[in-house]
Engineer: 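Below you will find the structure I want to go over with you.
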Protein chains: 2
Amino acid sequence: MKIGQLALISHVKVETVRYYERRGLIPNPPRRESGYRQFSQKDVERIRFIKHAQSIGFTLNEITELLSLKVEPEATCGDITLRIDAKLNDIKSKIKTLVQMEKTLMKLKKACKTPNAPSEECPILESLNTELE
Amino acid sequence: MKIGQLALISHVKVETVRYYERRGLIPNPPRRESGYRQFSQKDVERIRFIKHAQSIGFTLNEITELLSLKVEPEATCGDITLRIDAKLNDIKSKIKTLVQMEKTLMKLKKACKTPNAPSEECPILESLNTELE
DNA sequence: ATTGACTCTATACTTAGGTGTAGGGTTTAT
DNA sequence: ATAAACCCTACACCTAAGTATAGAGTCAAT
């Protein structure tokens with residue numbers, strides 16, 4: 001199939017497919033005489049893999065790594081699990097940060113008892129001037 | 001004080017101070033004859049404000065907005081609270097996404113029962129090829 | 001055989017928040 | 001008075017993951 005159809009099926013833009021190829025995420029496809037890329041079902045799967053991996057938080061660099069682990073003969077399933085664990089740690093720490101932000105924001109919000117007061121003397125803005133715990 | 005000292009006190013780089021000035025986050029400072037910027041304690045506070053606001057998740061664009069609300073005469077404390085609420089929603093939705101990723105990753109992790117199996121047949125990679133629920 | 005839709009390459013642009021560099025001028029301490 | 005340390009502007013570069021564009025060539029249907 002041609003690039004347009006692959007893109008359509010895979011719900012990505014044509015430029016994204018070419019971008020993935022440039023990044024080495026998709027094997028260089030064979031070409032017609034005209035230079036047109038010829039894709040196959042394998043490429044549809046490959047893009048699905050990439051998109052799924054992205055949706056669980058992997059970057060394209062990390063996905064490149066996962067894909068090469070897949071073909072390295074000495075790589076084991078345990079090696080994959082290691083990457084999963086690392087990503088779990090990433091995500092946990094992001095959650096932690098966000099939860100802390102949430103807490104601080106809720107505390108700040110409560111600081112405002114007079115919604116009609118001029119913003120100039122808003123206790124929220126004032127506390128941003130000094131300390132945040 | 002000169003830019004280097006402001007940067008030192010504020011724990012930011014000199015270039016960052018100039019960058020904030022370019023973005024309009026810091027008022028244009030007066031200059032000496034030589035062209036050197038002259039900063040004051042107010043600017044230290046301003047950078048503190050920016051850094052605190054960043055640490056609770058506001059972008060520099062949003063901080064610019066907060067700063068202008070602060071000086072608009074008709075703006076009220078309630079207007080500030082609105083921004084806090086919007087940011088709280090942002091953050092909640094980011095947390096939600098991350099928690100979902102975490103769940104999926106943990107499920108994937110459990111799928112691997114044979115850590116020494118070759119990665120080629122790793123059930124984790126296989127599920128990325130097909131479906132993720 | 002021509003038109004419209006598709007594809008090709010190469011290059012630049014996007015967002016966000018900076019960071020780094022080149023090529024100069026200034027200040028300060030000795 | 002000279003050297004180190006600082007400051008100036010203007011510009012390019014960085015990451016991440018694309019998106020957009022120009023200018024050219026190709027394919028499919030009428």
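Letters A, B, ... are given to chains in the order of the sequence lines, protein chains preceding strands, and every chain is numbered from 1. Values reported hereafter were calculated over all heavy atoms of this structure, with side chains retained and with hydrogens, waters and symmetry mates removed.
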Engineer: Quick one: Ile50(B) CD1 to dA16(C) C1', roughly how many Å, whole number?
Structural biologist: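 For the pair Ile50(B) CD1 and dA16(C) C1', the rounded distance is 15 Å.
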Engineer: Give, ordered by number, those residues of residues 36-44 of chain A having at least one heavy-atom distance below 4.0 Å to an atom of DNA chain D; if nothing qualifies, reply none.
Structural biologist: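 Those residues are Tyr36(A).
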Engineer: Would you say the side-chain atoms of Ser119(B) pair up with the backbone N or O of Leu69(A), donor to acceptor, closer than 3.5 Å?
Structural biologist: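 At least one qualifying donor-acceptor pair exists.
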Engineer: What is the separation between atom NZ on Lys13(B) and atom P on dT21(C), rounded to the nearest whole Å?
Structural biologist: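 Distance check: Lys13(B) NZ to dT21(C) P gives 12 Å.
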Engineer: Under the side-chain hydrogen bond (donor to acceptor under 3.5 Å, both in side chains) definition, can you give me all pairs with a residue in residues 109-118 of chain B, not counting sequence neighbours?
Structural biologist: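 Qualifying pairs: Asp85(A)-Lys109(B).
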Engineer: Under the salt bridge (Lys or Arg N to Asp or Glu O under 4.0 Å) rule, what pairs show up with a residue in residues 70-82 of chain B, not counting sequence neighbours?
Structural biologist: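 Applying salt bridge (Lys or Arg N to Asp or Glu O under 4.0 Å) to every pair that reaches into residues 70-82 of chain B, excluding sequence neighbours, yields nothing.
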Engineer: What is the 5' to 3' range of DNA chain D, first to last nucleotide, that sits under 4.0 Å from any heavy atom of chain A?
Structural biologist: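 Listed 5' to 3', the contact boundaries are dA16(D) to dC27(D).
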Engineer: Not counting sequence neighbours, which residues clear side chain to side chain contact (heavy atoms under 4.5 Å, CB included) with Ser40(B)? List them please.
Structural biologist: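 Ser40(B) satisfies side chain to side chain contact (heavy atoms under 4.5 Å, CB included) with Lys42(B), Asp43(B) once adjacent residues are dropped.
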Engineer: Compare side-chain N and O positions of Gln5(B) against OP1 and OP2 of dT27(C) and report whether any pair is under 4.0 Å apart.
Structural biologist: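 No, Gln5(B) has no side-chain N/O under 4.0 Å of OP1/OP2 on dT27(C).
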Engineer: What closest approach, in Å, do Leu125(B) and Phe49(A) show between heavy atoms, and which atom pair accounts for it?
Structural biologist: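 It is O-CE1, 3.5 Å.
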Engineer: With sequence neighbours excluded, tell me which residues meet side chain to side chain contact (heavy atoms under 4.5 Å, CB included) with Thr59(A).
Structural biologist: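 Checked Thr59(A) against side chain to side chain contact (heavy atoms under 4.5 Å, CB included); matches are Asn61(A), Glu62(A).
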Engineer: Could you say whether Phe58(A) or Lys2(B) is positioned toward the 5' end of DNA chain D, judged by the nucleotide with the nearest heavy atom to each?
Structural biologist: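 Residue closer to the 5' terminus by nearest nucleotide: Lys2(B).
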Engineer: If you draw the axis of the six-membered ring of Phe58(B), does the NZ or CZ of Lys87(B) fall within 45° of it and under 6.0 Å from the ring centre?
Structural biologist: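 Yes, Lys87(B) lies over the aromatic ring of Phe58(B).
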Engineer: Strictly below 4.0 Å, heavy-atom distances to any atom of DNA chain C: list the hits from residues 85-99 of chain A, or just say none.
Structural biologist: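 None - not one residue of the stretch has a heavy atom sitting under 4.0 Å from the strand.
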Engineer: Do any side-chain nitrogens or oxygens of Thr16(B) fall under 4.0 Å of OP1 or OP2 in dT19(C)?
Structural biologist: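 Indeed, a polar side-chain atom of Thr16(B) lies that close.
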Engineer: If you look only at distance, which donor and acceptor atoms sit under 3.5 Å apart when one is on a side chain in residues 14-22 of chain A and the other is two or more places apart or in another chain?
Structural biologist:
unit_1, atom_1, unit_2, atom_2, d
Tyr19(A), OH, Arg23(A), NH1, 3.1
Tyr20(A), OH, Lys51(A), NZ, 3.1
Glu21(A), OE1, Arg37(A), NE, 2.6

Engineer: Name every residue in residues 18-34 of chain A that has at least one heavy atom under 4.0 Å from any atom of DNA chain C, in order of residue number, or write none if there are no such residues.
Structural biologist: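 Residues of residues 18-34 of chain A under 4.0 Å from DNA chain C: Arg18(A), Arg31(A).
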Engineer: In chain order, what residues pass the side chain to side chain contact (heavy atoms under 4.5 Å, CB included) check against Leu8(B), with sequence neighbours excluded?
Structural biologist: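 Result, side chain to side chain contact (heavy atoms under 4.5 Å, CB included) vs Leu8(B): none returned.
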Engineer: Say whether, by atom type as modelled, one donor and one acceptor occur between the side chain of Thr76(A) and the main chain of Pro115(B) under 3.5 angstrom.
Structural biologist: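 Judged by distance alone, yes, a pair lies under 3.5 Å.
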Engineer: Whole Å only: how far is the CE atom of Met1(A) from the C1' atom of dC6(C)?
Structural biologist: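 In whole Å, dC6(C) C1' lies 16 Å from Met1(A) CE.
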Engineer: Could you tell me how far apart Asn61(B) (CG) and dG18(C) (P) are, to the nearest whole angstrom?
Structural biologist: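 Distance check: Asn61(B) CG to dG18(C) P gives 12 Å.
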Engineer: Under the side chain to side chain contact (heavy atoms under 4.5 Å, CB included) test, which residues partner Cys112(B), sequence neighbours left out?
Structural biologist: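 Once residues adjacent in sequence are excluded, the partners of Cys112(B) under the side chain to side chain contact (heavy atoms under 4.5 Å, CB included) criterion are Cys77(A), Thr81(A), Ile124(B).
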Engineer: Return the minimal non-hydrogen interatomic distance between Ser10(A) and Ile47(A), and the atom names on each side.
Structural biologist: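 Looks like CB-CG2, 3.7 Å.
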Engineer: Does His52(B) use its side chain to pair, donor to acceptor, with the backbone of Thr130(A) at less than 3.5 Å?
Structural biologist: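 Confirmed, His52(B) side chain pairs with Thr130(A) backbone.
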